[in-house]
Chemist: 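I have a structure here, written as structure tokens, and I will follow up with some questions on it.
These numbers come from the heavy atoms of this one structure, side chains and all, not from hydrogens, waters or symmetry mates.
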Amino acid sequence: MDLSRRDILKGSLTAGAATVGMAAAGETMFAKAAEAAGPAPQYEIFACQYGGPITRKQAIVLWNNGWDVDGQLSYFVWAVRDKAGNTVVIDTGCNPVEGANRKVAGYTDPVDVLSRIGAGADTVRKVVISHMHWDHSGNIESYLKAFPKAKFYVQKRELEFCSGPLAARKPIGVLFDHKANKVVAGLQGTGRMAVVDGDHRLAPGLDLFLAPGHTLGLQVLRVNTAKGPAIVGSDLAHVFQGYKDDTGSVFIMDMPGWLKSFDKIKPMVAPDMIFPGHDIQMHDGFPEVAKWVTKLV
Ligand SMILES: [Zn+2]
């Protein structure tokens with residue numbers, strides 16, 4: 001596929017190499033990252049539940065541990081808001097048709113959930129697509145209409161894989177919304193998409209990090225908050241327990257890549273400041289500030 005060069009943001013996180021290197025230094029990273037963030041603005045992070053809870057075997061989210069144990073999962077998008085109300089949204093969620101097809105209980109268009117905290121056409125200028133699975137990018141058409149001033153940030157290798165023939169193959173084809181993927185791919189060159197190649201500074205205090213494994217081009221967002229740096233990790237791990245146990249879900253396309261991503265991302269923040277993709281605790285364990293919206297930090 002043809003990725004227009006001018007649309008690709010490459011190496012624009014100038015502090016990127018140093019930042020990643022610091023991650024390897026382990027625990028001291030928390031203090032250093034907070035210090036490095038310095039006068040960077042602080043943001044609040046909200047989890048917006050758009051579906052669930054649904055019941056699944058625990059083994060699905062904890063690498064084959066607990067095929068005889070039922071657990072609950074929910075579906076989320078996330079909002080990162082500065083003091084002026086400007087909001088970066090992470091992920092689109094799935095569209096209503098897919099939600100119905102895949103029996104997502106309690107489905108509400110994520111656009112509606114986001115509106116409950118004032119995230120709308122005038123406040124959302126950036127949308128991060130963490131990866132292109134059906135439940136994370138499938139609602140792209142609704143977002144394009146609801147957030148007409150927003151630019152969508154996706155990793156180059158995610159886009160390339162999802163635009164190629166392998167993404168449609170069994171057994172992984174079912175994990176993608178192929179219609180939505182075509183819409184995402186079609187945004188190239190329209191001014192509404194930024195194709196990111198690796199780590200990238202989205203704004204002061206907001207850094208994207210490439211973290212492959214679950215998919216080939218998953219990215220996470222590090223956010224400067226009043227409590228220090230936090231990571232919106234999407235499906236790098238599905239539940240908090242995954243980060244505690246160094247355990248991923250059964251959906252890992254690239255295991256060596258996933259192991260390296262865990263080593264890269266986890267040391268960047270305190271253990272309670274990394275947020276997973278589908279844990280019901282993001283709703284049940286935090287203060288609800290609007291219907292189905294909780295404040296994580
Ligand atoms: Zn997911």
Chemist: Within the 4.5 Å heavy-atom criterion, are S130 and D91 side-chain neighbours or not?
Modeler: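 Heavy-atom side-chain distance check passes, below 4.5 Å.
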Chemist: Do F176 and H133 have ring centroids that are under 6.0 Å from one another?
Modeler: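 When the ring centroids of H133 and F176 are compared, they turn out to be within the sub-6.0 Å range.
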Chemist: Taking the six-membered ring for Trp and the full ring for Phe, Tyr or His, determine whether the centres of F262 and Y243 are under 6.0 Å apart.
Modeler: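 Judged by ring-centre distance (under 6.0 Å), F262 and Y243 do meet the cut-off.
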Chemist: Is any NZ, NE, NH1 or NH2 atom of the basic residue among R56 and D70 found under 4.0 Å from an Asp or Glu carboxylate oxygen of the other?
Modeler: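 Salt bridge: no.
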Chemist: Any side-chain heavy atom of P276 sitting closer than 4.5 Å to one from H238?
Modeler: no
Chemist: Would you please test L206 and L221 for side-chain contact (heavy atoms from CB on, under 4.5 Å) and show each step?
Modeler: CA-CA 7 Å; L206 295 178; L221 181 65; 4.3 Å; yes
Chemist: Going by heavy atoms in the side chains, are F275 and V269 under 4.5 Å from each other?
Modeler: no
Chemist: Checking T225 against E44: is there a side-chain donor and acceptor pair closer than 3.5 Å?
Modeler: no
Chemist: Tell me, with the steps shown, if D272 and K244 meet salt bridge (Lys or Arg N to Asp or Glu O under 4.0 Å).
Modeler: CA-CA 9 Å; D272 62 344; K244 285 198 186 104; over 6 Å; no
Chemist: Just one of L114, V80, V111 clears the side chain to side chain contact (heavy atoms under 4.5 Å, CB included) bar with V89, so which one?
Modeler: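 Single side chain to side chain contact (heavy atoms under 4.5 Å, CB included) partner of V89 among L114, V80, V111: L114.
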Chemist: Salt bridge check: are K156 and E160 linked by an N-O gap of less than 4.0 Å?
Modeler: yes
Chemist: For residues H214 and H136, establish whether the separation of their ring centroids is below 6.0 Å.
Modeler: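 No; H136 has its ring centre 6.0 Å or more from that of H214.
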Chemist: Show which side-chain atoms of residues 283-293 pair as donor or acceptor with protein atoms under 3.5 Å away, not counting sequence neighbours.
Modeler:
residue : atom : partner : partner atom : Å
H283    : NE2  : E288    : OE2          : 2.9
E288    : OE2  : W292    : N            : 2.9

Chemist: Determine whether H131 and S137 satisfy the following criterion, side-chain contact (heavy atoms from CB on, under 4.5 Å), listing intermediate values before the conclusion.
Modeler: CA-CA 7 Å; H131 64 297; S137 61; over 6 Å; no
Chemist: Should the heavy atoms of other residues, nucleotides or ligands under 6.0 Å from NZ of K57 be counted, would the total exceed 12?
Modeler: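 Counting other residues, nucleotides and ligands, NZ of K57 exceeds 12 neighbours.
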Chemist: Taking the ring of Y75 and the ring of W134, is the distance between their centroids below 6.0 Å?
Modeler: yes
Chemist: Could you tell me if D109 and S142 have a donor-acceptor pair between their side chains, going purely by distance under 3.5 Å?
Modeler: yes
